[in-house]
Participant: 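The structure that follows is given in the form of structure tokens.
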Number of protein chains: 2
Amino acid sequence: MNKKRTTIKDIANVLNISPAAVSKAMHDDSRISEKTKKAVKRVAKELNYQPNHLASALRSGKSNLVGVIVPRTNSNFFSSVIENMEGVLNKAGYNIIITQSNESFEKECKNIDTLLFTQVDGIIASMANETVDLSHYEKIKSKGIPLILFDRGENDLNVDYIGIDDYDSSHMIIEHLISKGCKRIAHIGGFRRTRIFNNRIRGFIDAIHKHNLPHDDDLIVESSLTLEDGRIKMQELLALDNPPDAVYVASDYAALGALQVLNEQNIKVPEEMCLVGFGNEPFTSLVSPTITTVKQHSKQIGKIAAETFIKRIKAKNWKPKLEKNILKSELIVRNSSNRDLSIKST
Amino acid sequence: MNKKRTTIKDIANVLNISPAAVSKAMHDDSRISEKTKKAVKRVAKELNYQPNHLASALRSGKSNLVGVIVPRTNSNFFSSVIENMEGVLNKAGYNIIITQSNESFEKECKNIDTLLFTQVDGIIASMANETVDLSHYEKIKSKGIPLILFDRGENDLNVDYIGIDDYDSSHMIIEHLISKGCKRIAHIGGFRRTRIFNNRIRGFIDAIHKHNLPHDDDLIVESSLTLEDGRIKMQELLALDNPPDAVYVASDYAALGALQVLNEQNIKVPEEMCLVGFGNEPFTSLVSPTITTVKQHSKQIGKIAAETFIKRIKAKNWKPKLEKNILKSELIVRNSSNRDLSIKST
DNA sequence: TATATTTGCTTAATCGTTTAAGCAAAAGTA
DNA sequence: TACTTTTGCTTAAACGATTAAGCAAATATA
């Protein structure tokens, strides 16, 4: 029962040098001879030395841990972002702690406390739907550790941000729908208080105006964008005196709910109603009809977020110039909007 | 720019007592007077004291961190397990570090190294599909920290395990299909080397025999159970001279692939072919027809796994009696197998 | 009143590493 | 040869908490 871990002291004893020399040898300090370095590394391997992360973190003030906060992990988008973030961070010697807010403001605050308590070197987060008060994020900033936001961000916080161009995405969608002959387009959006949803709504309205389509307030609704919200809002839209001939939903989950209602009411998609979602969740290609949606480049977002963190850590002199990475999104046209123009036309 | 954190020393200075007294007061040591405790806690709050987790972990040898390894987080099952595990562990003062293996053996090994390096107090894991060699898990055991497996476990490791009764689940499914008039049932399973898939196959075979249905080796196939695998294996089954009238697929993803093929080939589900999946992924209730599946009680599995860990930590004297929690699963009957018996009957 | 026990703290060592400071010996320079 | 510089290490003090040991003063017990 060999409970005792090997420490640098043990290595030092074997080689009759000081623990300090061992520590420096392990870090390839220039003031240690190659011979000693070789010997130290050999003995370290022989004794199966595993550095005590806590001790080095305590001494150096660095934990080599990055905290990640996402609304939930069981979304394809977030899980893909995390996977790619992890790849970059692991290579740079960082490990990540993933926490979920479940879209709850309270849980998000707790997560931040947990992460700060764990002495993470930085936090990469995507805000919960509920979040309006930003004081807990200010807390991170005031500690002086890097904070990077992605997808769900907030301009007021004045921190690095990586996301897609939501405003432009709305334009892409509207132009696609117009090209499919749609004349009266509705938008089931998220709440305006969240930046990305506000941008999507602004993009929607501006694109509508640009192309001289009717701007009817009844056609723009806000919700939490759950599947159930999608159902309810779709029903409301269908009950209008003058219902739309296309719906752009700001989330795939809500789009699915809308699709269910359309199927139930025997409204043919895309013939009678075009439908577009957002996020490219896997199920969009599995349901019938398959749903046209927007790909958010989760891989790049993850990588860039991680790289931005590393830049911030390396730049000791906290430069105020912020990274605002806005990626172009990609429209994935599927059956829910891909109707034959030879029948209906311009 | 107030970079300096408050330490117990600062509190001690304010109150003119020793840091040791402060530490004890914070931990409600019986040898500290109520008056001092009150004062310490008041000053701690005033100075916004946050205990340095690294220092206490280093000294006490406990990190209060639990490592979690899952094949992937973007599955509803695993994300729900994690959420519930987290609830229990947070209450007990533990935080969790989530890592994903992406079903890769190599990544799993790396994750274990990462977690051990981070000095976690225990590891709760579900094994990757690829994993056959168990030496890296033995490494955890040899460090003397608790290892708890769930869902994807392995008897040879001789550790605590929480999962559902896969053998019994197969029986439930077969009996349900027989009650729906199915006479020739096929099984698209996972690889036998993984315990749960082996159990499902064993259960399938035994149930077939028990009810005197034909046991045809062509009707039992093994695969990685991806959506694509489901497609391929379904096509193979349909190409048989004597194809089945029902298919039990050991994963919802593969079941979805099978359903796509059936839809494409205009084979009516459930009239001509009954289909049952496994896992109760959300999309099973979203596709058309909805898929009959098995609910795995992710919430309970998460909770019990966390509670088992806590038990192990508290039981300093490493009792060899292992927890083997086998929960009963629940069959969720949906349209893909719910055919009208008044037409076809016993 | 004398002794034992309890209370409420302090002192100092410790966890394993990093790192500033320092010091010989070796090598370079004039 | 006499000096500066570089090399290759050592010493010792941190980092911030925990904790065993100890010691007065207060309280209890005989």
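All values below were derived from every heavy atom in this structure, side-chain atoms included, with hydrogens, water molecules and symmetry-related copies excluded. The chains referred to below are lettered A, B, ... by the order of the sequence lines, with proteins before strands, and numbering in each begins at 1.
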Participant: Do B:Ser63 and B:Asp121 have side-chain N/O donor and acceptor atoms under 3.5 Å apart?
Facilitator: yes
Participant: Is any side-chain N or O of A:Thr36 closer than 4.0 Å to OP1 or OP2 of D:dC9?
Facilitator: yes
Participant: With 3.5 Å as the limit, what N/O pairs link the protein to nucleotides 20-22 of chain D?
Facilitator:
none

Participant: Run the side chain to side chain donor-acceptor pair (under 3.5 Å) test on B:Gln50 and B:Thr6 for me, step by step, so that the C-alpha distance in whole Å, both residues' side-chain angles and the decisive distance to 0.1 Å come before the verdict.
Facilitator: CA-CA 7 Å; B:Gln50 300 274 112; B:Thr6 306; over 6 Å; no
Participant: For A:Ile11 and C:dT18, what is the distance between atoms CD1 and P respectively, to the nearest whole Å?
Facilitator: 11 Å
Participant: Side chains of B:Asn74 and A:Asn74: is there a donor and an acceptor less than 3.5 Å apart?
Facilitator: no
Participant: Which distance, rounded to the nearest 0.5 Å, do you find between the OG1 of B:Thr308 and the OH of B:Tyr161?
Facilitator: 12.5 Å
Participant: Whole-Å distance between C:dT18 C1' and A:Asp28 CG?
Facilitator: 16 Å
Participant: Over how many whole Å does the gap from B:Asn13 atom CG to C:dT10 atom P extend?
Facilitator: 12 Å
Participant: Roughly how many Å is it from CE in B:Met26 to C1' in D:dT19, rounded to a whole number?
Facilitator: 17 Å
Participant: Using a 6.0 Å distance limit plus a 45 degree cone around the ring axis, check whether A:Arg72 lies over the aromatic ring of A:Phe77.
Facilitator: no
Participant: Of all heavy-atom pairs between A:Phe105 and A:Asp133, which one has the smallest distance, and what is that distance?
Facilitator: CE1-O, 3.4 Å
Participant: For nucleotides 14-17 of chain D, print each protein N/O atom paired with a nucleotide N/O atom at under 3.5 Å, atom names and distance only.
Facilitator:
from	atom 1	to	atom 2	distance (Å)
D:dA14	N3	A:Arg59	NH1	2.9
D:dC15	O2	A:Arg59	N	3.4
D:dG16	N2	B:Ala55	O	3.2
D:dA17	OP1	B:Tyr49	OH	2.7
D:dA17	OP1	B:Asn52	N	3.2
D:dA17	OP2	B:Ile8	N	2.6

Participant: What integer distance in Å separates A:Leu15:CG from D:dG8:P?
Facilitator: 16 Å
Participant: Would you mind reading off the distance between B:Asp29 atom CG and C:dT6 atom C1', rounded to a whole angstrom?
Facilitator: 14 Å
Participant: Mark yes or no for whether A:Asn84, through its side chain, and A:Lys303, through its backbone, hold a donor-acceptor pair below 3.5 Å.
Facilitator: no
Participant: Check the pair A:Glu86 / A:Tyr94 against side chain to side chain donor-acceptor pair (under 3.5 Å), numbers first and verdict last.
Facilitator: CA-CA 8 Å; A:Glu86 206 180 358; A:Tyr94 288 93; over 6 Å; no
